[in-house]
2 protein chains.
Amino acid sequence: MPPNGSTGPTGTAAPTMRDVAARAGVSAMTVSRVLKDENVSAATRDRVLTAVRELGYRRNEVARNLRLGRSSGMIGLVVTNLGNPFYSQLALGAEQVAEKHGLRLVLGHTAGLAQREYELVDDLVSRRVDGMIVVPAGSAQQHLDPVSLGGVPVVLASSPPAGIEVDAVLVDDFGGARAATADLLAAGHRAVGFLGNPPTLFTGAERFRGYWAAHEEAGLVPREEWIRRGPDDIPTAAAAARELLDRADPPTALFCTNNRMTLGTYREIRRLGAATALAGFDDFEMADLLDRPITIASYDPGEIGRRAAELLLSRLEQGPNAVPGLTRRLVVPTTLVHYGR
Amino acid sequence: MPPNGSTGPTGTAAPTMRDVAARAGVSAMTVSRVLKDENVSAATRDRVLTAVRELGYRRNEVARNLRLGRSSGMIGLVVTNLGNPFYSQLALGAEQVAEKHGLRLVLGHTAGLAQREYELVDDLVSRRVDGMIVVPAGSAQQHLDPVSLGGVPVVLASSPPAGIEVDAVLVDDFGGARAATADLLAAGHRAVGFLGNPPTLFTGAERFRGYWAAHEEAGLVPREEWIRRGPDDIPTAAAAARELLDRADPPTALFCTNNRMTLGTYREIRRLGAATALAGFDDFEMADLLDRPITIASYDPGEIGRRAAELLLSRLEQGPNAVPGLTRRLVVPTTLVHYGR
DNA sequence: CTGTTAGCGCCTTCAG
DNA sequence: CTGAAGGCGCTAACAG
């Protein structure tokens, strides 16, 4: 038996244009035209619209897009950790821009796993998203090459392209880290420790570079014993901080490269009742409510989302006749903020 | 001229099954079968897979779903404020469950506007999402009725259905508020103020009810002058708190119904150097880092997302032959947590 | 102004 | 095991 076909009253399947047409006594084309606001006589239009209402008809945008040869009107957003407020701000920024252009956001969460990212990207392309904003989970990016993706434009967030030609929105990792570290040095500290994520991550490497540069510019050289790279969650960061502070010659100040680490370190300093000064990267709500001073290299994650979406949109407008090899790279600046007096 | 059609080397459009078939010297049907892992001779299969690889072909899931009469394999998630960490946790929970079933999440952000919610829901239905999880922006819900939505299942989060038959996942607003308030009363406070969102919101009303009940159960009656309902952002909450604390007879403790208000109030208490005790609803990261004690009715927002997704999935499995009138309502419990010693 | 034909990319059904 | 015909819901392109 045919799956649907009838205007059946209890019909479970959604009504189609033909159902509307039958009910209004016109052809499907006329219904299509009415829905597109094309020239149709007022009387016919009314009959059609009535039928639409009575049937609760909604045009199937999926079929429509297929016929029009358009893609889905959706853009993919692939992030490493949806649960992190940072990424939700980013998502919000992207959503706001996409929304204005009638585009919807499809979400993907990789949990930092390259394999998941790989599958997700593939799935999104199969679903014919118009484009994708990706926060890469690892350093390998070949699977993000628009060429192998059938031309679906990709914009990278937080990480620059490596071996592929795509646009990217970055944060001024180097500048922010340098400024934050310099702030500690300017306050007279000569023993500034470093707690950062692994150097394989672009942001980690850049922020470390900034830390080092600030020292050099002050005629100093950081001591390797005060450097810890690797921890990337609050408890591990706390443990690393403790290790540094437990030394015979503990650093008098610490610079942390992201908000997970800053929080873990803050907790530890506070627990030990140490007087260690603290600077970090990534702002967080309530940083101003803490009971000890802290310096943060701050920026707006929403800005990354907005910019990335804008880059993507401009690619979409260009269409496939884009000039290849002309990729853009935007850098969102950071601001130094002093909290807690 | 035909838009595509050729296996053109620089062909801009994505290759179709026919392109693959032509290249492999078979019919499109055979390609389809290979991709579905149906019975095809090993030799043919190899030829097809080679052509697939060479062309970078990906099956168009959109067209496939259309033909199969299936919907999109996506579920809509409509929230009031993506930027709020609460909702990103919720989204993460929902994503994790959806992911396991091969479903993708499509995001919608209403900014609390009923009109946006209306449009979004309509758009998502037109895009043929399999179902939707909605955090209602207002109290009107008629537009969320699956009946008028062509049978697309809806699950409400944070708010119970009003006049429509849908599943819902709620928080124990009443119990949490009662417990938090009772905690303040048990500590000897007899002047507990209330700072909450408008009573038109379900959560606001329920939490107020809990606050009141705790008083009653202690043989007390809250004083109207200590009650402020309406503010829903940090600065407004701070102003309302200040007003209460500036009174000749200020409350000695305050209960706040969400984390925005708790933060605003906390800031104000701290600024004034007041000794006011504080309890709130909604946990937040770093609550433990504050320098004064605070009691929180805590729960896991991710749990709401997971539960909501599970309810939705079970509806999807039932199919349209669901027993109507048998809606489910889940309540996520809260736990009282004491921070700051 | 309205209808007919054809086909987007894919898959079910029925032949071979 | 493989192919040809037909159609999912919709809309260009052409009639009339």
Side-chain angles (χ1 to χ4, degrees), chain A residues 1-7 11-48 51-52 55 57-73 125-128 150, chain B residues 1-7 11-48 51-52 55 57-73 125-128 150:
Chain A
M1 74 189 141
N4 185 23
S6 71
T7 320
T12 157
T16 100
M17 222 169 226
R18 267 205 277 288
D19 297 328
V20 177
R23 196 173 229 282
V26 297
S27 78
M29 231 8 254
T30 301
V31 177
S32 174
R33 290 199 180 99
V34 169
L35 265 32
K36 259 183 307 185
D37 262 320
E38 277 183 11
N39 278 341
V40 174
S41 78
T44 317
R45 152 166 287 117
D46 278 353
R47 291 226 311 291
V48 169
V52 164
L55 258 40
Y57 171 78
R58 283 156 208 269
R59 184 166 60 186
N60 184 333
E61 295 300 326
V62 174
R64 178 176 158 87
N65 285 334
L66 175 63
R67 176 60 242 242
L68 293 179
R70 293 209 287 239
S71 38
S72 60
V125 173
S126 290
R127 289 175 192 275
R128 294 302 189 263
Chain B
M1 76 188 142
N4 184 25
S6 72
T7 319
T12 157
T16 102
M17 222 168 224
R18 266 205 279 288
D19 296 328
V20 176
R23 195 172 229 284
V26 298
S27 77
M29 250 339 280
T30 302
V31 177
S32 174
R33 290 200 178 99
V34 169
L35 265 31
K36 258 184 308 184
D37 261 322
E38 277 183 12
N39 278 341
V40 174
S41 76
T44 317
R45 152 167 287 116
D46 279 352
R47 292 224 313 291
V48 169
V52 164
L55 258 41
Y57 170 77
R58 284 157 207 269
R59 184 166 60 187
N60 184 332
E61 295 298 327
V62 174
R64 177 177 159 88
N65 286 334
L66 175 63
R67 175 60 239 242
L68 293 178
R70 293 207 287 237
S71 37
S72 60
V125 173
S126 290
R127 288 176 192 273
R128 294 300 189 264

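Below, read A as the first sequence line, B as the second, and so on, with proteins coming before strands; counting in each chain starts at 1. What's counted below: heavy atoms across the whole structure, side chains too, no hydrogens, waters or symmetry copies.
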Checklist entry - When the distance from CE of Met17(B) to C1' of dG7(C) is rounded to whole Å, what number comes out? => result 17 Å
Checklist outcome for this item: In numerical order, the residues of residues 24-36 of chain A whose heavy atoms come under 4.0 Å of DNA chain C are Val26(A), Ser27(A), Met29(A), Thr30(A), Arg33(A)
Checklist outcome for this item: Smallest heavy-atom separation, Ser72(A) atom then Arg128(A) atom, equals OG-O, 2.7 Å
Checklist entry - In whole angstrom, what separates Arg70(A)'s CZ from dC10(D)'s C1'? => result 12 Å
Item to check | side chain to side chain contact (heavy atoms under 4.5 Å, CB included) between Asp37(A) and Arg45(A), worked out | outcome: CA-CA 9 Å; Asp37(A) 262 320; Arg45(A) 152 166 287 117; 3.7 Å; yes
Item to check | Nearest-angstrom distance from the residue atom CG of Asn65(B) to C1' of dC11(C) | outcome: 12 Å
Item to check | Leu66(A) side-chain proximity, nearest of dG9(D), dT2(D), dC10(C) | outcome: dG9(D)
Checklist entry - OP1, OP2 of dT2(C) versus side-chain N and O of Ser41(A): anything below 4.0 Å? => result yes
Item to check | Protein-nucleotide distance (Asp37(A), atom CG; dT11(D), atom P), rounded to Å | outcome: 13 Å
Checklist entry - Which atoms form the tightest heavy-atom contact between Tyr57(B) and Leu35(B), and what is the distance? => result CE2-CD2, 3.5 Å
Checklist entry - Within the structure, does a side-chain N or O atom of Arg128(A) lie under 4.0 Å from either OP1 or OP2 of dG9(C)? => result no
Checklist outcome for this item: Whole-Å distance, Asn60(B) CG to dC10(D) P, equals 17 Å
Checklist entry - Are side-chain heavy atoms of Lys36(A) and Arg64(A) found at a separation under 4.5 Å? => result yes
Next on the checklist: Checking Arg67(A) now: which residues fulfil side chain to side chain contact (heavy atoms under 4.5 Å, CB included) with it, not counting sequence neighbours?
Outcome noted: none
Item to check | Distance below 4.0 Å between Thr44(A) side-chain N/O and dC1(C) OP1 or OP2 | outcome: no
Item to check | Listed partners of Arg59(B) passing salt bridge (Lys or Arg N to Asp or Glu O under 4.0 Å), at least two apart | outcome: Glu61(B)
Checklist entry - Any side-chain heavy atom of Ser32(A) sitting closer than 4.5 Å to one from Met17(A)? => result yes
Checklist entry - Between the base of dC10(C) and the side chain of Arg67(B), is there any donor-acceptor pair under 3.5 Å? => result no
Checklist entry - CD of Glu38(B) versus C1' of dC10(C): gap in Å, rounded? => result 13 Å
Next on the checklist: At less than 4.0 Å, is any side-chain N or O atom of Arg59(B) found next to OP1 or OP2 of dC11(C)? Yes or no.
Outcome noted: yes
Checklist outcome for this item: Atom CG of Leu68(A) and atom P of dG7(C) are separated, to the nearest Å, by 17 Å
Item to check | Length of the line joining Asp19(A):CG and dC8(D):P, which is rounded to integer Å | outcome: 11 Å
Item to check | Arg33(A): salt bridge (Lys or Arg N to Asp or Glu O under 4.0 Å) partners, not counting sequence neighbours | outcome: Glu38(A)
Item to check | Those residues that, when tested against Val26(A), pass side chain to side chain contact (heavy atoms under 4.5 Å, CB included) (two or more places apart) | outcome: Ala21(A), Ala24(A), Thr30(A), Val31(A), Thr44(A), Arg47(A), Val48(A)
Item to check | Axial bend angle, the helix from dC1(C)-dG16(D) to dG16(C)-dC1(D): five-pair end segments, nearest 10° | outcome: 40°
Next on the checklist: Quick check against the 3.5 Å criterion: does Asp19(B) have a side-chain atom that pairs as donor or acceptor with the backbone of Thr16(B)?
Outcome noted: yes
Checklist outcome for this item: Arg18(B) has its side chain closest, among dC10(C), dC10(D), dT2(D), to dC10(C)
